[in-house]
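In what follows, a structure is listed as structure tokens, so that the remarks can point back to it.
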Amino acid sequence: MAITVTRSIQRIETYPAIEPMDEGEPTHPTIIAVYNITTDDPNYEDLPVTATEVKHFSKGDDISKQDPLVVKIADAIWL
């Protein structure tokens with residue numbers, strides 16, 4: 001059998017916009033998506049192995065290849 005790699009969302013965190021202390025523009029809310037990356041091969045006893053991948057996103061970032069739930073949340077908070 002072949003090695004399989006799966007990517008699943010572990011959690012999504014959102015952080016509110018920060019109001020500037022001076023006359024500058026306020027920031028936009030941000031998103032942190034935490035993924036579990038699992039590598040498995042039934043022929044190897046040391047597998048599966050799971051690693052964590054953390055992605056940070058701000059308004060304007062390309063999120064088209066992210067989990068659909070990340071995209072939905074971004075669409076909701078970055079109107």
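Keep in mind the model is a prediction, meaning the values are calculated, not measured.
The closest side-chain heavy-atom distance from Leu69 to Ile12 is below 4.5 Å. Between Pro29 and Trp78, some side-chain heavy-atom pair lies under the 4.5 Å cut-off. Between Val54 and Ile32 the shortest side-chain heavy-atom distance falls below 4.5 Å. Side-chain contact check for Lys55 versus Tyr35: some heavy-atom pair is nearer than 4.5 Å. Side-chain contact between Ile37 and Thr50 is absent, with no heavy-atom pair separated by less than 4.5 Å.
Taking every heavy atom of both residues into account, Val49 and Leu47 meet most closely at CG2-CD2, 3.4 Å. Nearest heavy-atom pair, Lys65 versus Arg7, reported as atom, atom and distance to 0.1 Å: O-NH1, 3.7 Å. Residues Pro48 and Thr38 share a closest heavy-atom pair of CB-CG2, 3.9 Å. Across Pro42 and Asp40, no two heavy atoms sit closer than the pair N-OD1, 4.2 Å.
Other residues, nucleotides and ligands contribute over 12 non-hydrogen atoms within 6.0 Å of the NZ atom of Lys59.
Tracing side-chain contacts under 4.5 Å through hydrophobic residues (I, L, V, M, F, W, Y), one never reaches Val34 starting from Phe57; they form parts of separate clusters. Note on Ile73 and Ile9: same hydrophobic cluster, where clusters join Ile, Leu, Val, Met, Phe, Trp and Tyr whose side-chain heavy atoms are under 4.5 Å apart, directly or indirectly. By the rule that hydrophobic residues join a cluster once side-chain heavy atoms approach within less than 4.5 Å of another member, Val71 and Ile31 end up as members of one cluster.
Rounded to the nearest 0.5 Å, atoms CD (Gln10) and CG (Asp67) are 12.5 Å apart.
Using a 3.5 Å distance cut-off with no hydrogens or angles, the side chains of Thr30 and Ser58 do not pair a donor with an acceptor.
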Would you sort out whether Thr4 and Thr39 count as a side chain to side chain contact (heavy atoms under 4.5 Å, CB included), showing the intermediate values? CA-CA 6 Å; Thr4 59; Thr39 305; over 6 Å; no
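Without hydrogens or angle criteria, Asp61 side chain to Ile63 main chain gives no donor-acceptor distance under 3.5 Å.
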